[in-house]
Number of protein chains: 2
Amino acid sequence: MPKTPRQTTRRADALTKMKVVHAAIEILDAGGEAALTFRTLATRLATGSGALYWHVADRNTLLTDATADVLARTLSDLPKVDEPAPAIRAVALAVFDAIDAHPWVGSHLSQEPWHRAIGEIFERIGEQLEPLGVAADAEFDCASALTSYILGTASQNAINATRHPGGVDRETFLESVAERWIQDNPGRRPFIRRVAAQLRDHEDRRQFLAGIDLILSGACLR
Amino acid sequence: MPKTPRQTTRRADALTKMKVVHAAIEILDAGGEAALTFRTLATRLATGSGALYWHVADRNTLLTDATADVLARTLSDLPKVDEPAPAIRAVALAVFDAIDAHPWVGSHLSQEPWHRAIGEIFERIGEQLEPLGVAADAEFDCASALTSYILGTASQNAINATRHPGGVDRETFLESVAERWIQDNPGRRPFIRRVAAQLRDHEDRRQFLAGIDLILSGACLR
DNA sequence: ACCTGAACACCGTTCAAGT
DNA sequence: ACCTGAACACCGTTCAAGT
């Protein structure tokens, strides 16, 4: 019997940048940013770590591309909304939910505020401000404030929502945070004492939207 | 002649946690988060890398402690302000400036939203809301929105303000960001086109405060 | 009690060599 | 053109051994 295999070692299907990026997203979603290494990625794609560099420049660019991929899908899936305020809320919530589902997206955007996805968000928010009735000379500040708020809040929320050491649930965790904040200066944290129960029980999405509406109603006064 | 040295190798002055933290802050300020390694830190303190672990638990705790040190000084230096709105603006600006001067503080706080410094900021903001006239049931949302906005905006600003590759200045950099955002979807970025000049020329602190005031005026409507 | 520095188990990235 | 995998130059962290 002749030896059957001729080129067993080589990949059958060619690697592409897209395949690399999508495999990276799976790893990031499953294990967070620390889980993404060129070794695990190469193993999952059944290739050598060097092969990956033929398709992506480096780890940071890979993270940037993965972030762009997730948010491009998120934003293009968004149904058209006619009224300006609901349209802004829809964009905000979509970004919030995407970052909640992919916390590493939030961390990466925080590190790269010039990311193309931020341009897209900024445009989608900004274009609604004139129809909303925001004064022309306040539009830029308002769009900036909303964009910053959305990204900052969503990122922080996603990290808070991540499973915490010891496997404690969200409520227990938030309660312990409030308790620690009070103990850091016992007797002089009247506000945190007063809202500790809300801190424990609040719904993140609802609170997020409340902040959006705060900014919007402030913007319409000028 | 007898051999003079008896214990040349040993440190003269004992290491303390505070000395380690302060040396870390110097390294972080000079070279950013990537510059802080246990090897450079040990070299600067004229000790072995293992010695550092006697005083600090690990790299992340060191970053947490360095962040706490910077912000504790920032917040305790803050002069007392009587009027609620100016008091909130003073806290916001102090945090903004501290993160501008120490960008790694912003990145670390984004990664650790339960940090004690965030509790302090949350309290200082929250305690002003009742005197400001915010409705009782809106105080929690308002304090959360302000805190998120402050941290998110300050972090992003600090990263944008960091010296960029190629040594380009801030204006040139911001101009190229606007240009890229427009080119990502040419012909369909009317808002960014309209505000591109403002994006290039805006003052960060002024814009940051504008966002604070947007939230505050929105909060006083309820 | 505190410090030293080599050793361990990782990384991202490069590159000569293969197909 | 694309892939392989060893090699390089780093990391954080541990730990036996010193004082």
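Every value quoted in this text rests on a predicted model; they were computed, and no experiment measured them. Convention: sequence-line order gives letters A, B, ...; per-chain numbering from 1.
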| message | From C-beta outward on A:Arg39, which listed nucleotide comes closest to its side chain: D:dC3, C:dT13, D:dG12? | response | C:dT13
| request: Output the single nucleotide from D:dT13, C:dT14, C:dC3 whose closest atom is nearest the side chain of B:Phe38. | output: D:dT13
| request: Would you please classify the geometry between the B:Phe208 ring and the B:Tyr149 ring as parallel, tilted or perpendicular, with 30° and 60° separating the classes? | output: parallel
| request: Look at the side chain of B:Trp54 and the backbone N and O of B:Thr16, then say whether any donor-acceptor pair between them is shorter than 3.5 Å. | output: no
| query | Roughly, in whole Å, what's the span from CG in B:Leu36 to P in D:dG12? | reply | 7 Å
| request: Verify whether one side chain among A:Thr64 and A:His108 offers a donor that lies under 3.5 Å from an acceptor in the other. | output: yes
| said: With a 3.5 Å distance limit and no angle check, can you tell me whether B:Glu123 reaches the backbone of A:Ile192 through a side-chain donor-acceptor pair? | reply: yes
| said: Can you tell me which nucleotide in C:dC11, D:dA6, D:dT13 comes closest to the side chain of A:Ser49? | reply: D:dA6
| To the nearest angstrom, how far is A:Arg59 atom CZ from C:dG12 atom P? | 6 Å
| request: Report, as yes or no, whether the 6.0 Å neighbourhood of atom CZ on A:Arg44 holds more than 12 heavy atoms from other residues, nucleotides or ligands. | output: yes
| request: Using only side-chain N and O atoms of A:Trp54, determine if any of them is under 4.0 Å from OP1 or OP2 of D:dC2. | output: yes
| said: So if I take every side-chain heavy atom of B:His55 and compare against C:dC3, C:dG5, D:dC11, which nucleotide ends up nearest? | reply: C:dC3
| message | I need the OH-P distance between A:Tyr53 and C:dC15, as an integer number of Å. | response | 12 Å
| Side chain of A:Leu15 (C-beta onward), nearest among C:dG12, C:dC3, D:dC3 | D:dC3
| message | Quiz question: by atom type and distance under 3.5 Å, do the side chains of A:Ser144 and A:Asp141 form a donor-acceptor pair? | response | no
| Can you give the dot-bracket line for DNA chain D, where a pair is Watson-Crick or G-U wobble with both atom distances under 3.5 Å, crossing pairs use [ ], and | marks a partner on another strand? | ||.|||||...|||||.||
| request: For B:Leu62, answer base if it contacts any base atom (sugar-phosphate contacts may also be present), sugar-phosphate if it contacts only those atoms, and nothing otherwise; contact means non-hydrogen atoms under 4.0 Å. | output: nothing
